[in-house]
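So the structure is just underneath, and the comments pick up after that.
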2 protein chains.
Amino acid sequence: MGGGEPTVHIIDDDESLRRALDGLFRSVGLKARGYGSVREFLDGGIEDTPGCLVLDVRLPGLSGIDFQSQLGDHGIHYPVVLMTGHGDIPMSVKAMKAGAQDFLAKPFRDQEMLDAVAAAIERDRQTRSSEDGKSRVQKLFTTLSPREQQVMMLVTSGKMNKQAAGELGISEITVKIHRGSAMRKMGARTLADLVRMADLLKSTATRSR
Amino acid sequence: MGGGEPTVHIIDDDESLRRALDGLFRSVGLKARGYGSVREFLDGGIEDTPGCLVLDVRLPGLSGIDFQSQLGDHGIHYPVVLMTGHGDIPMSVKAMKAGAQDFLAKPFRDQEMLDAVAAAIERDRQTRSSEDGKSRVQKLFTTLSPREQQVMMLVTSGKMNKQAAGELGISEITVKIHRGSAMRKMGARTLADLVRMADLLKSTATRSR
DNA sequence: AGTTGAACCACACTTACGTATGAGACCAGA
DNA sequence: TCTGGTCTCATACGTAAGTGTGGTTCAACT
């Protein structure tokens with residue numbers, strides 16, 4: 001899941017520019033793929049491989065900036081490098097506030113683009129490795145039975161077994177059993193591990209997506 | 001510590017602009033203070049009150065952008081709103097990447113500035129409340145004796161008392177004593193609390209500043 | 001010289017944790 | 001119908017945690 005070499009996805013309606021960028025990225029050993037429009041990119045089927053997006057601000061159908069803000073809705077979390085031929089400061093500021101990795105005004109030097117893309121890919125790598133840990137824990141959590149999940153949340157919030165038992169209206173011994181199997185299923189060797197996993201779960205549950 | 005109403009610190013060598021901004025901020029009930037240069041601001045003595053900075057990119061002595069990147073060295077963590085009369089896209093992108101709250105090209109509308117400053121102050125408020133928790137825990141941690149600190153880190157990493165004892169070359173009973181006083185001094189009612197405090201300490205210790 | 005705080009340890013006791021054994025009830029899917 | 005998972009509980013045993021009492025040593029400060 002999510003393996004492979006990083007790929008740069010270039011979306012621009014100007015085919016000559018696409019080819020030039022494609023060549024540029026390949027010249028430094030990066031995989032690259034070009035698309036003439038957002039539609040074409042989305043239809044291409046998103047593989048879950050590391051990489052980043054390089055977008056023109058002005059695109060047929062949908063602007064690069066609008067698309068950038070909608071990425072989340074499409075389940076895409078690639079860092080974005082924006083390019084523009086006719087941009088202004090407010091536009092660049094808006095894009096950066098929206099979380100763009102970089103914003104390049106044409107004409108730009110090859111090296112600027114390569115630096116931006118390298119940083120974007122590195123950021124994606126970081127995001128992925130931390131997301132991997134979270135989703136691993138989340139996946140494990142779903143394998144717990146409802147009771148086990150409840151008990152896990154109670155004990156990691158500092159409740160003693162007997163307190164958790166009281167809250168759930170069951171006996172302490174039953175809590176111990178659920179607690180034990182929760183630990184085993186989550187792969188937590190100690191309570192400290194379990195607390196950290198629970199915090200991870202809470203942090204992702206609260207996050208706005 | 002850190003109380004009071006938020007203050008907008010305006011640094012610009014153009015006094016007429018300073019006065020205009022000062023009036024603008026006061027008109028919406030914000031405290032404001034003007035400075036003709038970075039020097040003047042720094043010499044003014046930094047009070048630890050909530051607020052933000054409004055800087056011109058071009059300043060006598062030191063540019064606003066350079067100053068922004070040095071804020072940390074001065075122990076200042078205010079969000080920064082940058083203004084410029086002669087800016088370009090690369091400059092704005094650089095500023096945003098450096099963590100600026102906003103970047104306004106002159107001329108801007110009053111409302112744009114007010115929105116930017118309001119967002120900056122809100123961000124400062126958030127940062128402060130989370131930093132308060134951290135520094136509270138850090139302060140408590142320093143009240144622990146060296147042994148108590150060591151024991152706390154060991155037990156929160158999942159070690160049993162006897163394992164911690166082994167690592168420290170002391171007896172288990174002594175570990176229990178240190179552990180107990182660490183809990184009491186840190187104000188942790190349960191091990192789960194202590195684990196979270198320890199994680200907070202680790203996260204701030206690792207952070208580059 | 002006296003006090004204080006830190007670190008160390010032993011003995012003893014209570015409480016909590018963790019697991020094993022055994023068992024009954026329920027429900028859904030093969 | 002039988003199997004398997006979930007949830008429930010009791011009894012029991014061994015281990016770990018947490019606290020209290022009492023005591024020693026050492027360095028630092030008064």
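Below, chains carry the letters A, B, ... as their sequence lines are ordered, and counting in each starts from 1.
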Classify the nucleic acid contact of B/I177 as base, sugar-phosphate or nothing, counting any heavy atom under 4.0 Å across all strands shown. base

Mutual orientation of the aromatic rings belonging to B/F67 and B/H74 [parallel < 30°, tilted 30-60°, perpendicular > 60°]: tilted

Axis-to-axis angle across the helix from C/dA1-D/dT30 to C/dA30-D/dT1, five pairs an end, to 10 degrees? 30°

Presence of B/H178 side-chain N/O under 4.0 Å of C/dC8 phosphate oxygens OP1/OP2: yes

Within the structure shown, what part of the strands sits under 4.0 Å from B/I173 by heavy-atom distance: base, sugar-phosphate, or nothing? base

How many Å lie between CZ on B/R189 and C1' on C/dA16, as a whole number? 15 Å

Non-hydrogen side-chain atoms of B/V54 and B/M113 separated by less than 4.5 Å: yes

Using OP1 and OP2 only, check whether a side-chain N or O of B/K176 sits under 4.0 Å from D/dT19. no

I want to verify a distance call: between D/dC9, C/dA10, D/dA16, whose nearest atom is closest to the B/M160 side chain? D/dA16

For D/dC9 and A/S171 - does any side-chain N or O of the residue sit under 4.0 Å from the phosphate oxygens OP1/OP2? yes

Please work out if A/E148 contacts a base, only the sugar-phosphate, or nothing of the nucleic acid, heavy-atom cut-off 4.0 Å. nothing

Specify the separation, in whole Å, of atom CE of A/M152 and atom P of C/dG18. 14 Å

Specify the separation, in whole Å, of atom CG of A/L154 and atom C1' of C/dC17. 17 Å

Quick one: B/L168 CG to C/dA7 P, roughly how many Å, whole number? 11 Å

Could you tell me how far apart A/L191 (CG) and D/dT15 (C1') are, to the nearest whole angstrom? 16 Å

Can you tell me the distance, in whole Å, between the CD atom of A/Q150 and the P atom of D/dT6? 14 Å

Checking all strands, does B/T174 fall into the base, sugar-phosphate, or nothing category for heavy-atom contacts under 4.0 angstrom? base

Answer whether the closest heavy-atom distance between the side chains of B/Y35 and B/I10 falls below 4.5 Å. no

So does A/E131 pair up with A/R128, basic N to acidic O under 4.0 Å? no

Less than 4.0 angstrom from a charged side-chain N to a carboxylate O is my criterion; do B/R18 and B/D13 meet it? no

Within the pair B/N161 and D/dA17, is there a side-chain N or O less than 4.0 Å away from OP1 or OP2? yes

Distance, rounded to the nearest Å, where A/K162 contributes NZ and D/dC9 contributes P: 16 Å

Closest listed nucleotide, where the reference is the side chain of B/R179 and the choices are C/dC8, D/dG18, D/dC7: D/dG18

Do NZ/NE/NH1/NH2 and the carboxylate oxygens of B/R26 and B/D22 come within less than 4.0 Å? yes

Under a plain distance cut-off of 3.5 Å, with no hydrogens placed, do A/Q126 and A/R123 share a side-chain donor-acceptor pair? no

Under 4.0 Å between a side-chain nitrogen and a carboxylate oxygen: does that hold for A/D12 and A/R19? no

Rounded to the nearest angstrom, tell me the gap between atom CD in B/E172 and atom P in C/dA7. 19 Å

